[in-house]
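First up is the structure itself, then whatever we jot down about it.
Fair warning: this is a prediction, and the values are worked out from it, not measured in the lab.
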Amino acid sequence: MPDLVDLFSNTQVQIIVALIAVDVVLGILGAVVRKEFRFGKVAAFMKGSVLAYVFGYAVLELVAQGLPSLGFLVPVGFALVVVALLASVVRNLKKLGLPLPGSNMM
């Protein structure tokens, strides 16, 4: 059984946590700019997204280690999490009023 610290210290989890941090900062800035900031929303995001993304990915890694035939799911899960977080970052950039190329597509 892998050590819990090793499970959370790999590069993929660090990328997920970094994207979550960027998303949180941009979300807070966007809420402050729009005068919609509430601590409860930050807490709800941290509880929901952080737990879902970080722990969900860690569980996926554990399952893949226990059942090597499912190992292909780890990079797929990582890609899906990164895409979801990048979409959230782009939404937060739009809330800040930054003009983004192709923003009418989203």
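Hydrophobic clustering of Ile, Leu, Val, Met, Phe, Trp and Tyr side chains at less than 4.5 Å, counting indirect connections, unites F72 with L67.
A64 and L70 make their closest contact through CB-O, 4.1 Å (heavy atoms, listed as atom of the first residue, atom of the second, distance). Pairing each heavy atom of G71 with each of P75, the nearest pair is O-CD, 3.4 Å.
A side-chain contact (heavy atoms from CB on, under 4.5 Å) with V17 holds for exactly one of L19, V13, I15; it is V13.
In terms of modelled atom types and a separation under 3.5 Å, the side chain of N92 and the main chain of D23 share a donor-acceptor contact.
Residues L60 and F78 are not in side-chain contact: their nearest non-hydrogen atoms beyond the backbone lie 4.5 Å or more apart. Considering only heavy atoms from C-beta on, L26 comes within 4.5 Å of V22 through its side chain.
Separation of atoms OG1 (T11) and CD1 (I16) is listed at 11.0 Å; rounding is to 0.5 Å. In this structure, CG on L80 lies 10.0 Å from OH on Y53, to the nearest 0.5 angstrom.
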